[in-house]
Amino acid sequence: MGKNKQTSLNYEFLDGEIAICFFVSLPAEYFSHIMTDFLEQLNDSQREAVTYCEGPALVIAGAGSGKTRVLTYKIAYLLKQGYKPWTILALTFTNKAAREMKERIATITGGAIADQLWMGTFHSIFARILRIEAERIGFSSNFTIYDAADSKNLLKAIIKEMQLDDKTYRPGMVQSRISNAKNALITCKAYEQNKELVEGDIHAKIPLLRDIYTRYQNRCLQAGAMDFDDLLLQTNILFRDHPDVLAKYSQRFQYVLVDEYQDTNFAQHLIIKKLCEASRRICVVGDDAQSIYSFRGANIDNILQFRNQYPGCRIFKLEQNYRSTQNIVNAANSLINKNKEQIPKTIYSEKEVGSKLRVLSLYSDYEEAYAVASSVGRMSAAKGYRFSDFAILYRTNAQSRLLEEAFRKRAIPYKIYGGLSFYQRKEIKDIIAYFRLIVNPHDEEAFKRVINYPARGIGETTVNKLIAAAVIADTSLWNVLASPAEYAVPVNAGTLKKLSAFRALMEPFIAQRDTLDADELATLVVKESGLLQLLAQDRSTEGISKYENLQELLKGIVEFCQLHREEGSEQVRLVDFLSEVSLLTDQDDTREESTDKVTLMTVHAAKGLEFRNVFVVGLEEDLFPSPMAKDNLRAIEEERRLFYVAITRAEENCTLSYAKSRFRNGQTQMCSPSRFLRDIDLRYLDVDGLTTASTSETQIRRPIDTPRPAFRSPLQQTPPPTFKRVETPRPTPAAASSPSTGPLQTGMRVSHERFGEGVVLAIEDTGNNAKATVAFDNFGTKQLLLKFAKLKIVE
DNA sequence: GGCCGGGGCATTTTT
DNA sequence: TGCCCCGGCC
């Protein structure tokens with residue numbers, strides 16, 4: 001953690017007290033010579049997009065077309081035109097994107113100027129504004145940001161309190177419906193009054209959803225908390241109800257740039273629109289072909305309709321792909337052209353023609369995993385690729401397991417994206433909950449987390465009593481804790497004592513939250529709360545790792561403080577650290593050791609990345625496209641875009657694979673190849689029709705009892721005769737069993753490619769059917785057909 | 001409070 | 001099949 005330099009908390013700019021700021025804006029001449037240089041580094045369409053600043057601009061940036069370059073150069077260009085850095089607002093979707101862009105701008109303009117830009121994620125920028133304007137909308141500027149887990153927990157609690165069936169009102173479903181409502185700017189009040197929604201819920205047999213929404217919102221308010229969606233919803237409310245505030249910011253932000261515009265939702269669209277309505281100085285960059293987040297509320301219409309929303313807008317298309325070979329670009333084009341709703345564009349590559357996309361057809365998911373792992377092994381050995389040049393992309397996380405196994409067996413190093421991030425670990429969330437409670441004592445979720453951790457004899461029953469009292473009095477848990485008698489909490493004297501002890505623990509922290517620096521206060525808290533001790537005394541492997549994580553977090557806070565001191569902050573408060581940390585997630589985990597490993601991730605997670613070699617696996621109906629998208633054209637088009645994103649990650653080689661059977665949800669299912677394979681023009685494909693042979697190991701482990709069908713192209717009704725075998729030939733059974741095997745006898749010690757070493761217990765049959773029973777050291781006893789198993793005699 | 005076992009369930013997840 | 005969540009038990 002901690003290497004994130006993106007958020008600077010210099011609110012001073014907002015209040016016009018620039019004089020007290022550390023930074024000095026340099027005259028434009030200072031970097032004008034650099035500017036001339038880099039304008040020449042752009043192609044014509046990039047340069048046009050960069051230098052057009054007179055009105056609304058939509059930049060359609062195809063995959064690999066140098067989008068970030070355009071954005072960063074455009075910002076540099078604006079600075080050169082005389083825009084002050086703090087009048088430029090640049091919005092991204094990820095912290096990583098913001099950080100990278102800021103770093104690139106810093107190389108042109110210097111860090112001092114880059115740091116003054118308003119550049120960050122939608123959520124972090126508007127959280128910052130909301131903290132400044134909090135009182136206007138009835139919040140404290142110390143408000144907590146609930147993450148997805150917090151809001152789900154709260155919803156669970158509410159559903160329970162309302163004594164509703166959590167099978168009918170599934171927290172996840174409730175959460176996503178509320179989220180959708182918020183993204184569409186439907187407040188709970190509006191929801192209750194919206195006939196269509198209410199009737200829809202009645203029809204869906206969840207009539208009380210509106211009540212859950214209202215309660216949830218009320219609880220967030222009591223807790224002084226906003227969830228991720230609230231950050232955008234409340235910003236809209238702020239701008240709607242306080243024209244003076246809107247005026248202030250729309251005047252402040254002289255130029256607004258938005259990255260990944262295809263992923264914006266309605267709430268984001270409207271914020272931007274309000275800010276730019278008067279100035280019309282807006283430039284949005286995106287690629288409708290890469291819109292893959294509709295399930296999170298993203299609305300592709302925002303980019304498709306931009307020209308109508310901003311009359312007189314100019315459209316720039318970046319159509320040259322600098323990333324991939326021609327075959328890859330052409331294949332991707334032929335795929336995406338099957339979509340109806342899109343902005344016409346012609347992406348092309350001037351790189352070499354390159355290899356065709358390989359299509360692998362395998363019998364099972366096992367074989368697919370092994371084929372991919374073998375292929376990676378072969379390619380890295382033959383062509384000198386590093387393992388980090390490879391990515392394996394899949395539709396669902398569940399597919400990673402077999403791949404992982406296959407890579408492990410082949411001793412190929414890999415890393416999987418998509419696990420729990422640092423900040424989602426329990427021990428980290430627990431510590432942060434303390435920080436949260438100190439900054440905002442009304443934070444209900446933080447309260448519930450820490451009240452009895454470490455254990456101090458305040459159990460669920462007591463907490464439930466506190467909650468009940470808080471709900472009745474319409475106040476926060478902390479207020480109830482502060483005066484249990486006043487709120488008539490029915491607890492005995494012993495419990496009362498424990499409660500006041502907890503309060504006595506927290507109050508000194510709270511009193512010092514604005515005077516101590518974050519690192520000092522944090523250290524104090526982990527010591528005094530008993531957390532440090534609790535984790536330190538757990539000597540289990542898990543416990544040790546938790547303790548290390550705690551140390552890591554503390555280290556991160558120290559670094560955070562140092563960084564901000566260097567940037568000129570006199571004091572770095574805990575709230576400053578928290579407001580940054582609550583908006584960090586997975587991708588921001590910069591602690592990752594950068595060793596040479598194959599990357600395994602979902603296609604979604606791969607967006608924005610590139611690899612020399614990409615494998616897209618599991619291209620089957622009911623997997624990719626997802627079965628959920630089946631009977632919905634828009635959803636199928638989104639799945640197709642997802643596949644487009646996958647293919648366009650590849651620079652040199654792209655391999656597509658599918659299995660004919662797959663073990664899923666507890667049973668083996670037969671699968672047919674994805675319709676998307678048929679969408680790609682055959683000219684760009686190498687269909688591996690003949691390589692249907694399985695590896696010997698998998699055959700023995702999972703015999704395929706159905707007779708092998710005669711080869712038929714999955715992609716065409718009749719296979720064109722030009723299909724050729726693209727796999728390197730596998731050893732034939734005869735070859736496999738010959739020289740090294742020799743006469744095998746019971747008691748011999750043998751070695752197997754995958755199972756390692758073992759002892760032969762028995763040999764049955766002869767010739768073609770000969771099999772051996774081998775007790776492997778690490779894999780148990782297995783029966784192996786000698787014609788397939790490449791057993792080597794060890795001694 | 002923590003551990004175990006049964007049952008239900010099973011996309012994607014930038015903040 | 002395997003994971004997660006809940007409920008029951010110690």
Side-chain angles (χ1 to χ4, degrees), chain A residues 6-7 91-99 120-127 145-153 156 160 166-167 170-172 175-176 179 182-183 226-233 259-265 267-268 286 290-298 365 393-402 417-421 423-424 452-461 579-588 601-609 618 622-630 635 638-639 641-643 645-646 662-669:
Chain A
Q6 164 244 327
T7 311
L91 297 165
T92 64
F93 274 83
T94 63
N95 293 300
K96 195 174 155 213
R99 195 189 317 132
T121 64
F122 277 92
H123 291 82
S124 71
I125 293 286
F126 294 114
I145 297 170
Y146 275 174
D147 68 13
D150 292 320
S151 73
K152 198 170 184 175
N153 283 339
K156 269 186 200 162
K160 211 168 204 171
D166 61 3
K167 300 279 181 309
R170 299 231 307 277
Q175 188 179 28
S176 84
S179 171
K182 288 185 178 179
N183 289 159
M226 296 198 202
D227 64 22
F228 288 144
D229 302 316
D230 283 331
L231 295 174
L232 305 174
L233 173 63
D259 190 17
E260 306 278 19
Y261 194 71
Q262 76 281 356
D263 290 332
T264 50
N265 60 32
Q268 290 160 329
Q290 294 185 67
S291 166
I292 56 173
Y293 279 104
S294 76
F295 69 96
R296 304 258 295 109
D365 45 0
L393 309 182
Y394 35 79
R395 180 67 182 81
T396 68
N397 282 309
Q399 290 166 260
S400 69
R401 184 170 300 130
L402 284 179
Y417 280 76
L420 272 195
S421 76
Y423 294 102
Q424 290 171 326
N452 201 31
Y453 181 82
R456 35 179 90 85
I458 305 171
E460 206 191 320
T461 323
S579 40
E580 168 154 314
V581 129
S582 38
L583 292 171
L584 286 185
T585 39
D586 300 29
Q587 319 286 324
D588 301 306
M601 55 168 57
T602 63
V603 184
H604 280 95
K607 195 177 142 204
L609 306 178
D622 287 337
L623 182 61
F624 201 172
S626 153
M628 321 294 257
K630 227 169 190 173
E638 177 149 325
E639 294 282 314
R641 292 193 293 269
L642 190 57
F643 187 29
V645 167
R662 182 172 296 274
F663 195 78
R664 269 214 293 176
N665 302 346
Q667 52 189 342
T668 304
Q669 290 172 353

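Every chain is numbered from 1, with letters handed out A, B, ... down the list of sequences. Keep in mind that this is a model prediction, so the values were computed, not measured.
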- [ ] Could you state the atom-to-atom distance from CZ of A/R296 to P of B/dT14 in whole Å?
- [x] 7 Å

Open item on the list: Taking any heavy-atom pair under 4.0 Å as a contact, classify A/T602: base, sugar-phosphate, or nothing.
Closed with: sugar-phosphate

TODO: Name the nucleic acid region contacted by A/D147, choosing base, sugar-phosphate or nothing; use a 4.0 angstrom heavy-atom cut-off, strictly under.
DONE: nothing

- [ ] Report yes if a donor N or O on one partner sits less than 3.5 Å from an acceptor N or O on the other, where the partners are the side chain of A/R395 and the base of B/dT12; otherwise report no.
- [x] yes

Task: For A/Y146, all residues meeting ring pair (Phe, Tyr, Trp, His ring centres under 6.0 Å), sequence neighbours excluded - done: none

Task: Those residues that, when tested against A/A267, pass side chain to side chain contact (heavy atoms under 4.5 Å, CB included) (two or more places apart) - done: A/L185, A/L232, A/N236, A/N265

TODO: Sequence neighbours left out, what passes ring pair (Phe, Tyr, Trp, His ring centres under 6.0 Å) with A/Y394? Give chain and number order.
DONE: none

TODO: Let me know, please, whether A/K167 or A/E260 comes out on the 5' side of the other along DNA chain B by nearest nucleotide.
DONE: A/K167

- [ ] Would you mind reading off the distance between A/K160 atom NZ and C/dC6 atom P, rounded to a whole angstrom?
- [x] 6 Å

TODO: Please state the C1' separation for the pair B/dT11 and C/dC6 - nearest whole angstrom.
DONE: 24 Å

TODO: Identify the heavy atoms of A/L231 and A/A127 that sit nearest to each other, and give their distance.
DONE: CD2-CB, 4.0 Å

Open item on the list: Does C/dC5 have OP1 or OP2 under 4.0 Å away from a side-chain N or O of A/R170?
Closed with: no

Open item on the list: Between C/dC4 and B/dT13, how many Å separate the two P atoms, rounded to a whole number?
Closed with: 15 Å

Task: B/dT12, syn or anti by chi within 90 degrees of zero - done: anti

Task: N-O pairing of A/D622 and A/K630 below 4.0 Å - done: yes

Task: Options C/dG2, C/dC6, B/dT13, nucleotide nearest the side-chain atoms of A/A605 - done: B/dT13

Task: Whole-Å distance separating the CG atom of A/D622 from the P atom of B/dT12 - done: 15 Å

Open item on the list: Measure OH/A/Y293 against P/B/dT14 and give the value in whole Å, please.
Closed with: 6 Å

Open item on the list: Under 4.0 Å from OP1 or OP2 of B/dA10: is there any side-chain N or O of A/N397 that close?
Closed with: no

Task: Residues in side chain to side chain contact (heavy atoms under 4.5 Å, CB included) contact with A/T396, at least two apart in sequence or another chain - done: A/A398, A/Q399, A/L623

Task: Side chain of A/F663 (C-beta onward), nearest among C/dT1, B/dT12, C/dG2 - done: C/dT1

Open item on the list: Just the rounded figure in Å: distance from C1' of B/dT11 to CE of A/M601.
Closed with: 17 Å

- [ ] Calculate the interatomic distance between A/F643 atom CZ and B/dT11 atom P; express it in whole Å.
- [x] 21 Å

List, with names and distances, any nitrogen or oxygen atoms from the protein found under 3.5 Å away from nitrogen or oxygen atoms belonging to nucleotides 8-10 of chain C.
none

Open item on the list: On DNA chain B, compare the nucleotides closest to A/G459 and A/M628; which residue's is nearer the 5' end?
Closed with: A/G459

Open item on the list: Between A/D166 and A/K156 (salt bridge meaning N to carboxylate O under 4.0 Å), is one present in this structure?
Closed with: no

TODO: Name the nucleic acid region contacted by A/R664, choosing base, sugar-phosphate or nothing; use a 4.0 angstrom heavy-atom cut-off, strictly under.
DONE: nothing

- [ ] In whole angstrom, give the distance that lies between atom CG of A/N265 and atom P of B/dT13.
- [x] 18 Å

Open item on the list: Heavy atoms only, 4.0 Å cut-off, all strands: where does A/E639 land among base, sugar-phosphate and nothing?
Closed with: base

TODO: Classify the side chain of A/D263 versus the base of B/dT14 as yes if they form a donor-acceptor pair under 3.5 Å and no if they do not.
DONE: yes

Task: Nucleotide C/dC6, atom P - distance to CG of A/N153 in whole Å - done: 10 Å

Open item on the list: So, using side chain to side chain contact (heavy atoms under 4.5 Å, CB included) as the criterion, who are the partners of A/A629 when residues are at least two apart?
Closed with: A/A635, A/I636, A/E639

